[in-house]
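What follows is a set of notes on a single structure, which appears directly below.
In what follows, every heavy atom counts, from backbone to side chain, and hydrogens, waters and symmetry copies are set aside. Since this is a predicted model, take the numbers as computed values, not measurements. Both ligands and their constituent atoms are indexed starting at 1 by order of listing. Here, residue 1 is the first one in the sequence, and each next residue gets the next number.
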Amino acid sequence: MSDTHNEREQLLALRDRIDEIDATIGKLISERAGCAQKVAEVKSASTEGDVLFYRPEREAQVLRKAMERNEGPLSDEEMARLFREIMSACLALERPIKVAYLGPEGTFTQQAAQKHFGASAVAMPFSAIDEVFREVEAGAVNYGVVPVENSTEGVVSHTLDNFMNSNLKICGEVELRVHHNLMVSSVTDVKSISRIYSHGQSLAQCRKWLDAHYPKAERIAVSSNAEAARRLKGEWNAAAIAPEKAAELYDLQVVSEKIEDQPDNSTRFLIIGTQAVPASGVDKTSLLIAMRNQPGALHNLLAPFHAHDIDLTRVETRPSRSGVWTYVFFVDFTGHVDDPVIRATLDEVSARVSDLKILGSYPKAVL
Ligand SMILES: C=C(O[C@@H]1C=C(C(=O)O)C=C[C@H]1O)C(=O)O
């Protein structure tokens, strides 16, 4: 009896303390929002024309600091995620940022957009990567989010090809752990699942799991995971493999979570926009390089990076659409174009190739 009384007393005291802390947090968030508003006023006063309220490099720094300061018990990622939402709300006070993403709703790209810009951004789905590029180019939205190193939707080359004919810049990157879930509709009889819908890449990523659990079910590849989820409505003998978000959106029940064969399955997305982003301290740069087909071409192109000890994170080759004997390379490396060493390296590379386009320097993904 006294124990319960004691427990009640303890809980009361703790809840009182939580209420006090919440009041303080609330005040501080309001004060922070007021500061962000003032920043916007200062920016507007000193700039003619379109003002850039959103600063990717500053946001990356704020998130990194939140992680460095963190002493637990929350994980660094959780702490940064909370700050991500505070910044998103502060920025939206000025004008909610408009973001186009590769849809439909419920795709991993939508998750990436939300992870990068927070919930206060207005995110709009478009059905093709070209459309996302076009919306940003036309100024209808501030930024676009497209998959690039894609273990899921299989559209890497499409994104890269779009950069060949676009002046858009890469302003950021997002990394997303990709989890697959098996879901069914309310009328599905789980014991008689004979068809499983998903994007071809997702089916491939869950192949072993499907072999073990649904060896007899027919696997049907559709245009996206969200589309797979959407189809389920009213089908009593079918299931879909899709992100958790799709279950919420299409009113489905997840019957098995995290069914991907590789537990560290992840996908990288790019933020495309029109602004050149200053250095954040931990940055990456992406290049598009065209060069003639000759012996040792790739070695020749990469030698200056090696000589200056620059860390290449990706080299991708695509056929050029213009000259028949021309290669196009997409190169990512660690560093920012404002760094003199990087500048010097790029000058050397430039002298060895037919064309070099800097697609952007941007903060390395924080979360
Ligand atoms: C407040 C600023 O503007 C925006 C809001 C930020 C914030 O809330 O911390 C950070 C960067 C910008 O996207 C700023 O430039 O410092």
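- Atom 2 (C) of ligand 1 has its closest protein heavy atom at V39 CG1, 3.6 Å.
- Two residues are said to be in side-chain contact when any heavy atoms from C-beta on lie closer than 4.5 Å; W236 and S192 meet this criterion.
- Contacts of R55 with ligand 1, taken as heavy-atom pairs under 4.0 Å, involve both backbone and side chain.
- The distance from atom CZ of R32 to atom CZ of F83, rounded to the nearest 0.5 Å, is 7.0 Å.
- In this structure, E94 has no heavy atom closer than 4.0 Å to ligand 1.
- Of all the atoms in ligand 1, the ones that sit under 4.0 Å from a non-hydrogen atom of C90 are 8 (O).
- For ligand 1, the atoms closer than 4.0 angstrom to any heavy atom of L91 are 4 (C), 13 (O).
- Remark: ligand 1 atoms within the under-4.0 Å shell around heavy atoms of F53 are 3 (O), 4 (C), 12 (C), 13 (O).
- Results of the side chain to side chain contact (heavy atoms under 4.5 Å, CB included) test with I271 over V145, V99, V136 single out V145 as the only residue that passes.
- At a threshold of 4.0 Å, the pair D161-R318 counts as salt-bridged, since one of the basic side-chain nitrogens sits closer than that to a carboxylate oxygen.
- Ligand-side atoms of ligand 1 in range of Y54: 13 (O), range being under 4.0 angstrom from any heavy atom.
- The closest side-chain donor-acceptor pair between S286 and Y362 falls under 3.5 angstrom.
- In the vicinity of K43, heavy-atom distances shorter than 4.0 Å reach the ligand 1 atoms 2 (C), 3 (O), 14 (C), 15 (O).
- One side chain, E235 or Y197, offers a donor N or O that lies under 3.5 Å from an acceptor on the other.
- Considering backbone and side-chain N/O atoms, E59 comes within less than 3.5 Å of an N/O atom of ligand 1.
- Between atom CZ of residue R195 and atom CG of residue N237 there is a gap of 4.5 Å, rounded to the nearest 0.5 Å.
- With hydrogens left out, the protein atom closest to atom 8 (O) of ligand 1 is R32 NH1, 2.8 Å, a heavy atom.
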